[in-house]
There are 2 protein chains.
Amino acid sequence: MTQLDKITPRDVDFSKWYTDIVLNAKLASYAPVKGTIIFRPYGYAIWELIQKQLDLEFKKINVENVYFPLLIPESLFNKEKEHIDGFSPEIATVTRVGDNQLPEPLFIRPTSEVLMADFFKTEVKSYRDLPLLFNQWANVMRWEKTTRPFLRTSEFLWQEGHTVHDSKVQAHDFTLKILNIYETFVREFLLLPVIMGQKTQKEKFAGAHSTYTIESLMYDGQALQCGTSHYFEDNFSKVYDIKFQNKEGKLEYGYSTSWGVSTRLIGAIIMSHSDDNGLVLPSKISPIQVRIIQIKDTDEVIKISESIKNMLSNKYRVDIDKTDKSFGFKISEAEIKGIPLRIEIGPRDLEKKVVVISRRDTKEKMEVNINDVEKIVDSMIKAYDENIFNLALENRKKRTTSVNSIQEYKDVLNSNQGFILVPFCGEVSCEEDVKQQTSTNSRCIPFEQENKNMKCFNCNKDTKMQVYFARAY
Amino acid sequence: MTQLDKITPRDVDFSKWYTDIVLNAKLASYAPVKGTIIFRPYGYAIWELIQKQLDLEFKKINVENVYFPLLIPESLFNKEKEHIDGFSPEIATVTRVGDNQLPEPLFIRPTSEVLMADFFKTEVKSYRDLPLLFNQWANVMRWEKTTRPFLRTSEFLWQEGHTVHDSKVQAHDFTLKILNIYETFVREFLLLPVIMGQKTQKEKFAGAHSTYTIESLMYDGQALQCGTSHYFEDNFSKVYDIKFQNKEGKLEYGYSTSWGVSTRLIGAIIMSHSDDNGLVLPSKISPIQVRIIQIKDTDEVIKISESIKNMLSNKYRVDIDKTDKSFGFKISEAEIKGIPLRIEIGPRDLEKKVVVISRRDTKEKMEVNINDVEKIVDSMIKAYDENIFNLALENRKKRTTSVNSIQEYKDVLNSNQGFILVPFCGEVSCEEDVKQQTSTNSRCIPFEQENKNMKCFNCNKDTKMQVYFARAY
């Protein structure tokens, strides 16, 4: 039980609670280089389930996987002014090999637009070569001052998609198609309700024409960006000279996009769904969906455990806890690890032909006839996932406020942290002013807009646009 | 047809032929940083198929996937003397982030024994925690003077397994279990016959107690190491202080292993099976196993193409070449890409209810009744794979020589390059002497031994051991 005692209550210290869960559920450990983490088997298994589903979705729309190098020559990177300005303070740089200084410093990719663009430049010749739809699952590095496992680490794992198209419309549509894939995935698999929208000029990706995003709200009321999809128009193509012969035989710059989600999604899952007893994992990305715990390991209990495991294994990831730990410890461990359902099997229950199934989220327990186990597991998993999603949605609703002035905005920040919807002019200087006053940024211009005449909450200019602001991870 | 013209004949210039295939089959492209490559979709798809199968095999024996960081502090790496001596000239080093010098240089992992050991040190407490069976799919970096796509690149992709056990026997058995998984995979999936054995003292992995290997022979008679499995005994545990309480309650050092295969396997496939027309891919790792090419796209041809594709898709990876290229170009392209079977469908054949199936390896063509397509594809794929394996095996037999003296050895090196089996004393100094005279190393001490009394081929000492030497990639 010692493990359980270590989890700080969520409402006492959210940040400490988060770290306790990461370490106690054995998702990750700290590594020797500051800001880097070790993905332990349980944490990595969640990432593998995320990868598997997204990879499937990408392949359905003909995206092809590739792998581009880790290192980018400094001179190549520096061609795109906005891009280098956005990333350069965070770039880890290789300057020597063994005892030899390199003739040119090499950057560890913070993202791969530049290398992709350099490849597309020679690859793209005609409209017949387009679209080129690439994705890679890779590690990237951005040196961060303040780090936290999964949420912000110097090295992280992600997928980065990079595409080139022969028209603005195609490229822009593709950017949104990916955003929709992200939203569906995050909603159905991670059970996170998100707001879809566009980033403001100030918050868009370095070098992009426009950035689209899905934004979720964590339990503590801080926002987290779950995925972004960038439309570059021909910005990168002009800098890196990506030209194709169009159907009219004329040379035209290609239209490109890039998009990514990362291992910070694991952080989002933790901070949205978990509780004081540990992780609560959405069933679809839970490495173990059902754990069988034997109250006593009699022959009959072992036999029934194995047969229930086999029966459920066609549909679910099931295991039996066969360790020699105490029953109580096994229960706590299943809770810390966020396993959606536990089936407890004991000799006395078996006399009545029943087992006990409990849900991780509500702690609800049910005596179930052995013959009904599969049916009940189906319905309990469904109810479990629905409940988790609804709790996150309710939290977001409770923590979403609409205000019209900077004073009201500041008041809300101090009373009910969360998404704050405001009428906003959209100007960079005005957003910088808000940031200076409140240390908050906009999260997105939601696609859903009321289109009424309003005044910017900060500068009072006329505007029709509503924007979500929030403190964010 | 221009693409085909570019492939240099294999017997004219093997090295140029190899590069031509890599580039023309669009497996990889050169990247801006010397010695790094871009894995293009077709090359990466092969790697994904390799990963999928090996990952399945590892998971069957309870190996868990993890992800450890890219960067290792210099001071941590330098603890293991042999290890650092083996790798240090090849290590890419991060010394700054943005404009700031780092307080300590950070090494980009050339392999992860050190980070794993540092983790195991705190993780391993009791025999109950063991074995720990970890694997990661990751990029690593070793700066090489002479590079070649897939075979030797500064950055490469691989899997690296790292395990800790509570006894020498368990650890050693596990090392060999992995070697057997590699051998089976390489034989069945890549169709490469290999020699299994142990590395000599001179050739073993830096820091290992013993290294086991599978060695294959390329078409040109040079050997290639396809995979290695290292038994460390308690070497790393002593240096990194990995101790556990054994069943008797006493502290004991853990026994560790590591093992890996890399993207150089793709190079091995190319150099073993391909020919003057391009790649020849083993069916199990061919991204496309059957390509349908329409001689004319009449309604009937399109209908039958789709129905054959659907029928075969339950078992095979099938596509239809729907590009507007010429028929001849489509044939050449399917050949360059090494697609095992082509099905050509035309209106005149359809009148006779037949299609034509051709094999990439032998160029054999067969008129097949539409109703028999599935059955014939099954048998042709089987025959195709058998033939490819046998060709590689015959090449190896033809190029394997047994000699007893250094003079004979030198003669063979100049006449029939390949595996050369010699009686060898096994001493490091003697092997260094052979290297100085001939620029060749031993490949392995094969498990199969005759155990007769012999004299070392170089120093004439008594020995019972036979060893394979060869020039190698």
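In the text below, chain A, chain B and the rest are named by the order of the sequence lines, each starting its count at 1. The structure presented is a predicted model; accordingly, all values stated were derived computationally and were not measured.
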Next on the checklist: Checking A:Glu57 against A:Lys60 for the salt bridge (charged side-chain N to carboxylate O under 4.0 Å, His left out) test, could you report, in this order, the C-alpha distance in whole Å, the side-chain angles of both residues, the deciding distance, and whether it holds?
Outcome noted: CA-CA 5 Å; A:Glu57 295 300 329; A:Lys60 271 188 203 162; 3.3 Å; yes

Checklist entry - For B:Asp99, does the CG atom sit with more than 12 other heavy atoms under 6.0 Å from it, leaving out its own atoms? => result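 For B:Asp99, atom CG is not crowded (no more than 12 foreign heavy atoms under 6.0 Å).
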
Checklist entry - Should B:Asp166 and B:Asn246 be marked as a side-chain hydrogen bond (donor to acceptor under 3.5 Å, both in side chains) after you check the CA-CA gap, both sets of side-chain angles, and the distance that decides it? => result CA-CA 7 Å; B:Asp166 65 358; B:Asn246 65 20; over 6 Å; no

Looking at chain A, which one of [options] has the largest number of heavy-atom pairs inside 4.5 Å, strictly under?
| options | result |
| --- | --- |
| B:Leu102, B:Thr323, B:Val94 | B:Val94 |
| B:Phe68, B:Tyr44, B:Trp47, B:Tyr67 | B:Tyr67 |
| B:Ile108, B:Leu157, B:Asn135, B:Leu76 | B:Leu157 |
| B:Thr36, B:Asn100, B:Asn139 | B:Asn139 |
| B:Ser154, B:Gly98, B:Pro41 | B:Pro41 |
| B:Ile72, B:Leu70, B:Thr153 | B:Leu70 |

Identify the heavy atoms of [X] and [Y] that sit nearest to each other, and give their distance.
| X | Y | result |
| --- | --- | --- |
| B:Ala31 | B:Ile38 | CB-CG1, 4.0 Å |
| B:Ile91 | B:Phe87 | CG1-O, 3.4 Å |
| B:Ile37 | B:Ala28 | CD1-CB, 4.0 Å |
| B:Val63 | B:Phe134 | CG1-C, 3.9 Å |
| B:His165 | B:Pro131 | ND1-CB, 3.7 Å |
| A:Thr147 | A:Gly35 | OG1-CA, 3.5 Å |

Next on the checklist: Applying a heavy-atom distance below 4.5 Å, give me the residues of residues 109-123 of chain B that approach chain A, sorted by number.
Outcome noted: B:Arg109, B:Leu115, B:Asp118, B:Phe119, B:Glu123

Please state whether the side chain, the backbone, both or neither of [X] comes within less than 4.5 Å of a heavy atom of chain A.
| X | value |
| --- | --- |
| B:Glu48 | side chain |
| B:Glu74 | side chain |
| B:Pro73 | both |
| B:Ser88 | backbone |

Pick one of side chain, backbone, both or neither for [X], based on which atoms fall under 4.5 Å of a heavy atom in chain B.
| X | value |
| --- | --- |
| A:Leu106 | side chain |
| A:Asp324 | side chain |
| A:Glu155 | side chain |
| A:Lys59 | side chain |
| A:Thr95 | both |

Next on the checklist: Measuring centre to centre across the rings, with the benzene-like ring taken for any Trp, is A:Phe77 within less than 6.0 Å of A:Phe107?
Outcome noted: yes

Next on the checklist: For the aromatic rings, using the six-membered ring if either is Trp, is the centroid distance between B:Phe150 and B:Phe39 under 6.0 Å?
Outcome noted: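 Between B:Phe150 and B:Phe39, the centre distance is under 6.0 Å.
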
Checklist entry - With B:Ser262, which residues qualify under side chain to side chain contact (heavy atoms under 4.5 Å, CB included), at least two apart? => result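 B:Ser262: side chain to side chain contact (heavy atoms under 4.5 Å, CB included) contacts with B:Phe156, B:Trp158, B:Arg264.
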
Checklist entry - Any side-chain heavy atom of B:Ile288 within less than 4.5 Å of one from B:Val318? => result no

